[in-house]
Amino acid sequence: MQIDRRKALGLGAAGAAVLALPQIMVRAAHADVPKTDVGNAGFNRFMLGDFEVTTILDGLRPGEGPHPVFGQDQPAEAVAELMRANLLPDDRFVNGFTPTLVNTGSELILFDSGLGAGGRENGLGQLASRLQASGYRPEDVSVVVVTHMHGDHIGGLMDNGAPAFANARYVMGRAEFDFWTAPERLSGPTEGSAKVVEASVKPLAEKTSFVEDGGEVAPGIRAMAAFGHTPGHLAFTVESSGKVLVITADAANHYVVSLQRPDWHVRFDADKAMAAATRKKLFDMIATDRLPFIGYHMPFPAVGYVEKLETGYRYLPETYQLDL
Ligand SMILES: [Zn+2]
């Protein structure tokens, strides 16, 4: 449907003539300007106390959905209706992948590694290049934290058979590592993911310290058990000079469906009921304490807040709260 702007603005013929003239002049002055092929910077930086925090977009993947990946136990129309109510398309959505980099002043800590080389033909796997654009080299990273062992989080750990972050030590969840490296995972429904773990995570085991709930990554940064999405999925709290941020990883993966309807099943949650319980516990805390959080699949730059509603939570992107 075309909207006639002059009618919409209530302008008559005289108004139209006045409006038309500058448009013609603008076109003549700016003819034949080729569009730039320079994309968005793909990183976003702010301070949290004395820590510098950077979220880096590994890439965006448009596709069909969000149903049935999100709201798997719901009729398609229920998910479609929720999308329309939030001014979103009801049959297409974009999934983003956003690792986080924290410079504490003594350590440069990367949370998750994107899809790596395997994602590049689809415009994903841009973490390494955007890390450099943000002012750091891969060899500057001193710690890589793995929130859980799905391919979109561990795909960038190795590059051509060698560690992509040559000088890093690693921090991973004990339960997560034990689950994915158990020999029986290499067959059945876990086969695909277990093979990625074997190729991308196992070679790093000697440089890895394994944490459990409450374990420290570095001063100010602690693991928090957030099991359900995977058996050993971890969230993290980041605290500096009295400011606190939560890295929620994959506890909620669609900013509308997962947060407004936290009980709805998500195909990628290994234990649907446990994932829902974790989601509500974690986001209740984030809402009550009014904390900023970074969600790996939240809309880039992936930093926001939540307001508790009667059912679920409303996602509020960070605007200037962290600039003050
Ligand atoms: Zn993920």
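In this chain, residues are counted from 1 in sequence order. In listed order, ligands and their atoms are each counted from 1.
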> Is the Tyr315-Phe293 ring centre distance short of 6.0 angstrom?
Replying inline: yes

> Is the Zn ion (ligand 1) less than 2.8 Å from an N/O/S atom of His150, whether that atom is in the backbone or a side chain?
Replying inline: no

> Under 2.8 Å from the Zn ion (ligand 1), is there an N/O/S atom belonging to His148?
Replying inline: no

> Is the distance between the ring centroids of His153 and His297 under 6.0 Å?
Replying inline: yes

> Of all N, O or S atoms in His153, which has the smallest distance to the Zn ion (ligand 1)?
Replying inline: NE2

> On the ring face of Phe179, is Arg185 found with NZ or CZ under 6.0 Å from the centre and within 45° of the axis?
Replying inline: yes

>> Working note: Asp140 + Arg137, criterion salt bridge (Lys or Arg N to Asp or Glu O under 4.0 Å); need CA distance, chi angles, decisive distance, verdict.
In response: CA-CA 5 Å; Asp140 296 333; Arg137 301 164 305 162; 2.7 Å; yes

> For the Zn ion (ligand 1), what is the closest N, O or S atom on Asp152?
Replying inline: OD2

>> Please give the atom name: the N, O or S atom of Asp250 nearest to the Zn ion (ligand 1).
In response: OD2

> Does the pair Ser134 and Arg45 meet the rule for a side-chain hydrogen bond (donor to acceptor under 3.5 Å, both in side chains), with working shown?
Replying inline: CA-CA 9 Å; Ser134 87; Arg45 179 163 287 154; 3.2 Å; yes

